[in-house]
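This structure is a prediction, so every number in the text was calculated from the model and none was measured. A, B, ... follow the sequence lines: proteins, then strands. Residue 1 opens every chain.
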Amino acid sequence: MEIERAGEYACEDADMTMDVHLALWPQLQADEKLAFIYDLEIKSSEALFRVERNGVLIDGPKLATQSHALGQRIVELENEAYAIAGQPFNLASPKQLGEIFFDKLGLPVVKKTATGARSTDEEVLEKLAQDYPLPAKILEHRSLSKLKGTYTDKLAQMANPKTGRVHTHYAQAVAVTGRLSSNDPNLQNIPIRTPEGRKVREAFVAPAGSVIASADYSQIELRIMAHLSDDAALLKAFHDGLDVHRATAAEVFGLSVDQVSSEQRRYAKVINFGLIYGMSAFGLAKALGIDNTAAKNYITRYFERFAGVKRYMDDTRDQAKAQGFVQTVFGRRLYLPEINSAAAPRRAGAERAAINAPMQGTAADLIKMSMVKIQNVLDAEQRGTRIIMQVHDELVFEVPEAEVEWVKQEVPRYMAGVAQLKVALLAEVGLGVNWDVAH
DNA sequence: AGGTTAAGCGCG
DNA sequence: AAAGCGCGCTTAACCT
């Protein structure tokens, strides 16, 4: 009986898959760009199979040492928190934390969560930490628990006990922009932004006789923005080999490039990233800790200096509304059913996605082309170098010592050479005994 | 026991 | 009225 039900299901599943194929295949063949993207996905899947099968070697004892140290500090923090609160409680429970903070200790409520609970997220805790001792303990406890629970404990558990390697799975059809996603374990969110977190990367190693190489695209999304917008100032900044955030600051603040302070450069960097994501004056103000008017002035000033970017953003929005989708340089589409929604928040969300997707998606297209190209060369030349990870704008390799010079020389060349945009692509490679050093 | 959702946080 | 794009994982809390 169960066999028959399974058979019935299998037939129906195959039949409907065939219907989908018959509907979509002619559309793919009729459009050169869609055919290119389809072809890229098939080739990518073949390269990704190799990457997944390779896996990455993990230094288990190093992670165990880190887990132990984190565990000790976590217990200390728990005891310090109990002393301040006057009672033990679960530091990992937002609900219990809310009761201690807002009911027992009478701390002010800064904001509410989506469901109306009193928020205890990082931003709230940072603010409360200025006036009270407990929030700082919670913040440190949260970050260390995250490191231990998600990385130092988990990666060691997930390594193959015979080979010491972890094998992630890459999903090719999850991220709507065309990016890959990585799961079980996710190797695309390994810490790097803090010194403590970064140590996890020391446990991503190569076997004896090999080293780790990391090759990443430099400012790829801003280069793509320069290409798509045809903005003269942005193109020139890249063409002249300038530090693009510094160049942006020079324009926005009306200075020469070498007069830009580090503070001004930091502002420009936030502005540049904000633009890629469709950030508003409100968002920029919050990100920079300045008032709304000042943020609005920066944006106005930016769009005066980079008029091509302004035009591109407006055109992209208009095009999305007119045809219902946006596309990457190579023709990958993102459909935006809510772009003309009557509900303003939904419409605004779709507009931000419309701005971002061509840039994020083109970057995804380019690194897929790189992976396919490099894997093909490695095979054709019968090299020992293996691709072991992809992290959106970065490829990580395990490299036999004899091939180090080849990787240094050739990998960035292949990555930069996959396409000729209006601005040159640039890839940089680093080598080392582990992923932290290589980066 | 097992699944789902909310809150929170790691990355590009 | 909301306010920055794209993901995956962990824990607590709640539900069946």
Side-chain angles (χ1 to χ4, degrees), chain A residues 89-98 111-125 138-139 141-155 158 168-171 173-194 196-198 200-201 216-222 225 270-288 292 295-296 326 334 336 341-361 363-364 367 389-395 435 439:
Chain A
F89 63 102
N90 184 350
L91 274 73
S93 162
K95 193 177 168 194
Q96 291 182 39
L97 195 56
K111 65 172 174 181
K112 299 283 188 76
T113 68
T115 53
R118 297 164 296 189
S119 174
T120 65
D121 72 10
E122 187 173 352
E123 189 188 330
V124 170
L125 265 45
I138 305 298
L139 280 168
H141 183 271
R142 285 232 181 107
S143 68
L144 300 187
S145 300
K146 181 94 178 177
L147 289 178
K148 185 169 187 293
T150 308
Y151 304 106
T152 60
D153 287 350
K154 200 49 62 79
L155 286 169
M158 296 201 66
T168 187
H169 299 277
Y170 291 102
V174 169
V176 295
T177 54
R179 271 192 179 179
L180 301 178
S181 72
S182 159
N183 65 80
D184 201 29
N186 184 353
L187 297 185
Q188 292 179 325
N189 72 345
I190 303 301
I192 193 171
R193 292 174 187 172
T194 68
E196 315 84 70
R198 214 183 154 125
V200 174
R201 292 182 175 230
D216 66 297
Y217 280 114
S218 169
Q219 304 294 356
I220 190 163
E221 291 191 355
L222 285 171
M225 185 159 87
V270 173
I271 293 170
N272 277 329
F273 279 108
L275 284 164
I276 290 174
Y277 302 146
M279 194 190 256
S280 65
F282 176 90
L284 183 64
K286 210 157 92 173
L288 290 175
N292 247 310
K296 204 172 278 183
V326 291
L334 174 64
L336 296 156
S341 170
R346 288 176 177 272
R347 193 171 63 244
E351 288 176 9
R352 292 192 297 272
I355 298 286
N356 176 256
M359 292 181 271
Q360 189 181 123
I367 197 155
M389 288 187 276
Q390 189 262 34
V391 193
H392 306 306
D393 62 355
E394 171 187 14
L395 295 177
W435 192 14
H439 204 276

If the P atom of B:dA7 is compared with that of C:dA2, how far apart are they to the nearest Å? 15 Å

Does the side-chain contact (heavy atoms from CB on, under 4.5 Å) test come out yes or no for A:Leu155 and A:Ile190, once each step is laid out? CA-CA 10 Å; A:Leu155 286 169; A:Ile190 303 301; 4.2 Å; yes

Hey, is the side chain of A:Thr150 poking within less than 4.0 Å of OP1 or OP2 on C:dG8, counting only N and O atoms? no

Counting side-chain heavy atoms from CB outward, which of B:dA7, C:dG6, C:dG4 is closest to A:Ala175? C:dG6

Determine whether a donor-acceptor pair (one donor, one acceptor, N or O, separation below 3.5 Å) exists between the side chain of A:Gln360 and the base of C:dC5. yes

Nearest to the side chain of A:Val174 - B:dA6, C:dG8, C:dA3? C:dG8

Between A:Asn189 and B:dC9, is there a contact of a side-chain N or O with OP1 or OP2 at under 4.0 Å? no

Within the structure provided, determine whether A:Met359 and A:Thr177 are in side-chain contact (heavy-atom separation under 4.5 Å). no

What is the separation between atom NZ on A:Lys146 and atom P on C:dC9, rounded to the nearest whole Å? 11 Å

Taking only side-chain N and O atoms of A:Arg179, does any of them lie within less than 4.0 angstrom of OP1 or OP2 on C:dC7? no

Nearest-Å distance once atom C1' is located in both C:dA3 and B:dG10: 23 Å

Phosphate OP1/OP2 of B:dA7 contacted by A:Ser119 side-chain N/O (<4.0 Å): no

Whole-Å distance separating the CG atom of A:Leu155 from the P atom of B:dC11: 13 Å

Nearest-nucleotide 5' precedence on DNA chain C, A:Phe282 against A:Leu180: A:Phe282

Select one nucleotide: of C:dG4, B:dG12, C:dG6, the one nearest the side-chain heavy atoms of A:Arg201. B:dG12

Quick check for you: to the nearest 0.5 Å, what is the distance between A:His439 atom NE2 and A:Trp435 atom CH2? 7.0 Å

Nearest to the side chain of A:Met279, which nucleotide is it out of C:dC9, C:dC5, C:dG4? C:dG4

Would you indicate which nucleotide in C:dC9, B:dG12, C:dG6 comes nearest to any side-chain atom of A:Val176? C:dG6

Closest approach to the side chain of A:Arg352, judged atom by atom: which nucleotide of B:dG8, C:dA13, C:dG4 is it? C:dG4

Kindly say if A:Thr177 contacts the phosphate of C:dC7, meaning a side-chain N or O under 4.0 Å from OP1 or OP2. no

I need the CG-C1' distance between A:Asn90 and B:dA7, as an integer number of Å. 13 Å

Rounded to whole Å, please give me the gap between CG in A:Asp184 and P in C:dT10. 9 Å

Within the modelled atom types, does a donor on one side and an acceptor on the other bring the side chain of A:Arg193 and the base of B:dG12 under 3.5 Å apart? yes

Which is true for A:Lys154 with a 4.0 Å heavy-atom rule: it touches a base, it touches only sugar-phosphate, or it touches nothing? sugar-phosphate

Quick one: pull up NZ in A:Lys111 and OG1 in A:Thr120 and give me the separation to the nearest 0.5 Å. 10.0 Å

Applying a 4.0 Å non-hydrogen cut-off, can you work out what A:Ser145 is touching in the nucleic acid: base, sugar-phosphate, or nothing? nothing

Output yes when at least one side-chain N/O atom of A:Lys95 is less than 4.0 Å from OP1 or OP2 of C:dC14, else no. yes

Answer yes or no: does a side-chain N or O of A:Ser280 lie under 4.0 Å from OP1 or OP2 of C:dG4? yes

So, taking the atom named CG in A:Leu91 and the one named CZ in A:Phe89, what distance separates them when rounded to the nearest 0.5 Å? 4.0 Å

For the atom pair CG (A:Leu395) and NE2 (A:His392), what is the distance rounded to the nearest 0.5 Å? 12.0 Å

Rounded to whole Å, please give me the gap between CH2 in A:Trp435 and C1' in B:dG10. 12 Å

For A:Pro191, does its backbone N or O pair with a side-chain atom of A:Arg201 as donor and acceptor, under 3.5 Å? yes

Are A:Thr113 and B:dA7 close enough that a side-chain N or O sits under 4.0 Å from OP1 or OP2? yes

Contact class for A:Ala344 (heavy atom, under 4.0 Å): base, sugar-phosphate, or nothing? nothing

Across the strands shown, which category fits A:Ala92 at heavy-atom distances under 4.0 angstrom: base, sugar-phosphate, nothing? sugar-phosphate

Using a cut-off of 4.0 Å on non-hydrogen atoms, how would the nucleic acid contact of A:Glu221 be classed: base, sugar-phosphate, or nothing? nothing

Under 4.0 Å between any heavy atoms, over every strand shown, what does A:Ile192 touch: base, sugar-phosphate, or nothing? Just pick one. sugar-phosphate

Atom pair distance, as rounded to whole Å: NE2 in A:His392 and C1' in B:dG12: 5 Å

Atom CG of A:Leu275 and atom P of C:dA3: how far apart are they, to the nearest Å? 18 Å

Separation between CD of A:Gln390 and CG of A:Leu187, rounded to the nearest 0.5 Å: 11.0 Å

I need the CD1-P distance between A:Ile138 and C:dT11, as an integer number of Å. 17 Å

With sequence neighbours excluded, what pairs up with A:Phe273 under the ring-ring contact (aromatic ring centres under 6.0 Å, His included) test? A:His245

What's the verdict on side-chain contact (heavy atoms from CB on, under 4.5 Å) for A:Gln188 and A:Leu180, showing C-alpha distance, side-chain angles and the deciding distance? CA-CA 9 Å; A:Gln188 292 179 325; A:Leu180 301 178; 4.1 Å; yes

Any stems for DNA chain C, made of 3 or more Watson-Crick or G-U pairs in a row, each with both distances under 3.5 Å? B:1-12 with C:5-16

